[in-house]
Amino acid sequence: QVQLVESGGGSVQAGGSLRLSCAASKNYGYMSWFREGPGQEREGVASIDTINSKPFYAEAVKGRFTISHDNAQKTVYLQMSNLKPEDTARYYCAAGFRGGSVYASERYSYWGQGTQVTVSS
């Protein structure tokens, strides 16, 4: 059974940092982070090709977020810096990418339960 378990969320002030982790039951070719803010649709934040470590970032987080992975630990990380109130959302880990856009949530088969990130001004 596929399991994705996120951790590391919390409450921080604007300008602060958090590191999210997603522990998977197995390694996947692509693993991604999505977020869903209050009243908003789920949006892709970052993705990584775990074969060649190539990262992909949404424009809203470029230069502030860094995605990385540890295949030995079957874990993907999202280092978030210079956080803004608009980053407030529930963050989800996704795996089982079926091709197409890495930012399209419907292209993923597996999801974690999410971890809440709240950024106050």
Any chance you could lay out the side chain to side chain contact (heavy atoms under 4.5 Å, CB included) test for Val117 and Thr88, step after step, and finish with the verdict? CA-CA 5 Å; Val117 171; Thr88 294; 5.9 Å; no
Gln40 atom CD, neighbour heavy-atom count above 12 within 6.0 Å: yes
Is the CD atom of Gln113 crowded by more than 12 outside heavy atoms at less than 6.0 Å? no
Heavy-atom closest contact (Phe34 atom, Val102 atom, distance): CZ-O, 3.6 Å
Do Gln13 and Val119 make a side-chain contact, defined as non-hydrogen atoms from C-beta onward lying under 4.5 Å apart? no
Can a donor-acceptor pair be found between the side chains of Tyr28 and Thr50 at a distance below 3.5 Å? no
Please confirm whether the backbone N or O of Cys93 pairs with a side-chain atom of Glu6, one donor and one acceptor, at under 3.5 Å? yes
Please find the pair of heavy atoms, one from Met31 and one from Ala24, that lie closest to each other, and give the distance. CE-CB, 4.0 Å
Please say whether more than 12 non-hydrogen atoms of neighbouring residues, nucleotides or ligands are located less than 6.0 Å from CD in Glu41. no
Exercise: identify the closest heavy-atom pair between Tyr30 and Phe56: CE2-CE1, 3.8 Å
Just to verify, what does Tyr92 make a ring pair (Phe, Tyr, Trp, His ring centres under 6.0 Å) with, not counting sequence neighbours? none
Might you work through the side chain to side chain contact (heavy atoms under 4.5 Å, CB included) test for Asn82 and Phe65, ending with a clear yes or no? CA-CA 9 Å; Asn82 190 21; Phe65 290 11; over 6 Å; no
Least distance between heavy atoms, Phe97 atom then Tyr108 atom: CD1-CZ, 3.6 Å
Output yes when a side-chain donor or acceptor of Ser17 lies under 3.5 Å from a complementary backbone atom of Ser81, and no otherwise. no
Without swapping roles, check the side chain of Thr75 against the backbone of Ala23 for a donor-acceptor pair under 3.5 Å. no
Can you tell me how far apart CG (Leu78) and OH (Tyr57) are? Round to the nearest 0.5 Å. 8.0 Å
If I take atom OG from residue Ser105 and atom CZ from residue Arg107, how far apart are they, to the nearest 0.5 angstrom? 10.5 Å
Among all residues two or more places apart in sequence or in another chain, which pass the side-chain contact (heavy atoms from CB on, under 4.5 Å) test with Ser7? Ser21
Pairs in or reaching into residues 60-73: which pass side chain to side chain donor-acceptor pair (under 3.5 Å), with residues at least two apart or in two chains? Ser53-His69, Glu59-Lys62, Arg64-Asp87, His69-Asn71
Nearest atoms (heavy-atom pairs only) where Ala14 meets Pro85: CB-CD, 4.1 Å
Ser109 to Arg98 - nearest heavy-atom pair and separation: OG-NH1, 2.9 Å
Pair Arg35-Val61, side chain to side chain contact (heavy atoms under 4.5 Å, CB included): steps then yes or no: CA-CA 12 Å; Arg35 66 186 181 187; Val61 306; 4.0 Å; yes
Mind checking whether Leu20 and Tyr77 have side chains closer than 4.5 Å, heavy atoms only? no
Could you grab the distance from atom CD of Glu36 to atom CD of Gln116, nearest 0.5 Å is fine? 10.5 Å
Are the side chain of Thr115 and the backbone of Gly9 linked by a donor-acceptor contact shorter than 3.5 Å? yes
Working to the nearest 0.5 angstrom, can you tell me the gap between Tyr91 OH and Cys22 SG? 15.0 Å
When hydrophobic residues are tied together by side-chain contacts of less than 4.5 Å, even through go-betweens, does Trp111 share a cluster with Tyr103? yes
